[in-house]
Q: 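Supplied in structure tokens, the structure appears directly below.
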Amino acid sequence: ISHKNSKIDDLLGFIKGPDFPTGGIIKEGQVLKQLYETGSGSFKLYSKTHIEEGKNINQIIIDEIPYGKDKSEFVNNIDRVRFANKLDAILEVRDETGMEGLKIAIDIKKDSDPNNILNFLFSKGCLSTTIKFNMLVIDHYHPKVCNLLEVIDCYIEHQVEVITRRSNYDLKKAK
């Protein structure tokens with residue numbers, strides 16, 4: 001409201017990207033700018049992972065899974081890829097989700113490189129999903145795909161209308 005002449009580039013400083021309940025990482029930063037300028041498109045959402053090295057085994061830990069993936073199906077899919085490609089380096093895939101939050105552990109043999117296994121799983125699409133993006137609003141009783149600035153303008157216009165109607169109703173009731 002206080003920056004009426006803002007451009008989409010200016011707004012990207014405040015709006016980092018969509019927030020998904022299961023988390024995930026968008027690696028292609030330029031894709032977001034294009035999505036916010038056009039109002040539609042698609043992007044890849046990746047799992048958030050890290051590697052823990054132990055004495056006997058290494059582990060790939062998945063902290064966040066892409067939105068729209070079922071956790072048990074996600075774990076089973078990794079297992080299917082493991083057996084289909086005869087990955088002997090993967091010992092076990094476990095769901096260790098608890099009070100601390102989501103945690104899926106993939107045990108890797110000590111002599112195997114966990115980064116190679118992780119890259120292989122990313123290449124097979126096990127740890128990512130494609131999200132379709134569409135900023136659709138109802139503008140003056142008609143559906144319309146809008147860019148980020150138009151969505152904000154429509155929202156402000158709607159809020160002004162709602163507050164005006166509510167105030168008029170309260171005024172009538174008070175009179």
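Note that the coordinates shown come from a computational prediction; the quantities given were computed from them, not determined experimentally.
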Q: Search all heavy atoms of P66 against all heavy atoms of L45 and return the closest pair with its distance.
A: CG-O, 3.6 Å
Q: Does any N or O in the side chain of T49 come within less than 3.5 Å of the main-chain N or O of I61, such that one atom is a donor and the other an acceptor?
A: no
Q: Looking at D88 and K109, does any basic side-chain N land under 4.0 Å from a carboxylate oxygen?
A: no
Q: Using a 6.0 Å cut-off, check whether atom CD of E73 has over 12 heavy atoms from anything other than its own residue.
A: yes
Q: Is there a path of hydrophobic side-chain contacts, each under 4.5 Å between heavy atoms, that joins L136 and I152?
A: no
Q: When you group the ILVMFWY residues by side-chain heavy-atom contacts below 4.5 Å and let the links chain together, are Y155 and L148 in the same group?
A: no
Q: Let's go through I26 and V31 carefully: what are the C-alpha distance in whole Å and the side-chain angles of both, what is the deciding distance for side-chain contact (heavy atoms from CB on, under 4.5 Å) to 0.1 Å, and is it a yes or a no?
A: CA-CA 9 Å; I26 301 169; V31 171; 5.5 Å; no
Q: If a pair satisfies ring-ring contact (aromatic ring centres under 6.0 Å, His included) and one of its residues is in residues 67-108, list it, with sequence neighbours excluded.
A: F20-Y67
Q: Indicate the atoms forming the closest heavy-atom contact of L35 with G41, along with that distance.
A: CD2-CA, 3.4 Å
Q: Distance check, rounded to the nearest 0.5 Å: E37 atom CD versus D9 atom CG?
A: 6.5 Å
Q: Just so I know, are the side chains of F43 and P18 near enough to count as touching, which here means a heavy-atom distance under 4.5 Å?
A: yes
Q: Could you tell me whether a side-chain N or O of D139 sits under 3.5 Å from a main-chain N or O of H142, the two making a donor and an acceptor?
A: no
Q: Which heavy-atom pair separates S40 from N134 by the least distance, and what is that distance?
A: CB-OD1, 3.8 Å
Q: Using a 4.5 Å cut-off on heavy atoms from C-beta on, say whether the side chain of T38 contacts that of N147.
A: no
Q: A side-chain contact here means heavy atoms from C-beta on lying under 4.5 Å apart; do I15 and Y36 qualify?
A: yes
Q: So which heavy atom on V145 is nearest to which on G39, and how close?
A: CG1-O, 3.6 Å
Q: When you measure from the side chain of K110 to the backbone of G54, do you find a donor-acceptor pair of N or O atoms at a distance under 3.5 Å?
A: yes
Q: I'd like to know if K48 pairs up with D63 as an ion pair, taking the criterion as any Lys NZ or Arg NE/NH1/NH2 lying under 4.0 Å from an Asp or Glu carboxylate oxygen.
A: no
Q: Does E157 have any side-chain contact (heavy atoms from CB on, under 4.5 Å) partners at least two apart in sequence or in another chain, and if so, which?
A: H140
Q: How many angstroms lie between atom OG of S128 and atom CG of L121, to the nearest 0.5 angstrom?
A: 10.5 Å
Q: Determine yes or no for a side-chain-to-main-chain donor-acceptor pair under 3.5 angstrom, with R82 supplying the side chain and L91 the backbone.
A: yes
Q: Between atom SG of C126 and atom CZ of R80, what is the distance when rounded to the nearest 0.5 Å?
A: 9.0 Å
Q: Please identify which of these residues, R165, H158, Q159, meets the side chain to side chain donor-acceptor pair (under 3.5 Å) condition with E161.
A: R165
Q: Out of R94, K71, E96, which residue meets the side chain to side chain contact (heavy atoms under 4.5 Å, CB included) rule with I104?
A: K71
Q: When rounded to the nearest 0.5 angstrom, what distance separates CG in D95 from OG in S72?
A: 8.5 Å
Q: Tell me whether the NZ or CZ atom of K27 lies within the 45° cone about the ring axis of F122 and under 6.0 Å from its centre.
A: yes
Q: Quick one: does I62's side chain get under 4.5 Å of I78's, heavy atoms only?
A: yes
Q: With a 4.5 Å limit on heavy-atom distance, are the side chains of S123 and N119 in contact?
A: no
Q: Please answer whether the main-chain N or O of I108 pairs with a side-chain N or O of S112 as donor and acceptor at a distance below 3.5 Å.
A: no
Q: Taking the side chain from T97 and the backbone from L102, do they hold a donor-acceptor pair closer than 3.5 Å?
A: no
Q: Spell out, as yes or no, whether a donor-acceptor pair under 3.5 Å connects the side chain of E64 to the backbone of G24.
A: yes
Q: Stepwise, does the side-chain contact (heavy atoms from CB on, under 4.5 Å) test hold for V93 with N76?
A: CA-CA 9 Å; V93 180; N76 289 337; over 6 Å; no
Q: Within this structure, what is the CD1-CG distance for the pair I163 and D170, rounded to the nearest 0.5 Å?
A: 11.5 Å
Q: More than 12 heavy atoms of other residues, nucleotides or ligands under 6.0 Å from NZ of K44: is that the case?
A: yes
Q: Counting only heavy atoms not in D19, do more than 12 fall under 6.0 Å of its CG?
A: no
Q: Do you know which of I51, I106, D107 makes side chain to side chain contact (heavy atoms under 4.5 Å, CB included) with Q59?
A: D107
Q: Quick one: does E28's side chain get under 4.5 Å of Y46's, heavy atoms only?
A: yes
Q: Shortest non-hydrogen contact from I25 to S47?
A: CD1-O, 4.3 Å
Q: Would a distance-only check, ignoring hydrogens and angles, find a side-chain to backbone donor-acceptor pair under 3.5 Å from N85 to V81?
A: yes
Q: Output yes when a side-chain donor or acceptor of D113 lies under 3.5 Å from a complementary backbone atom of N115, and no otherwise.
A: yes
Q: Mind listing the closest non-hydrogen atom pair of P114 and I60 along with its distance?
A: O-CD1, 3.6 Å
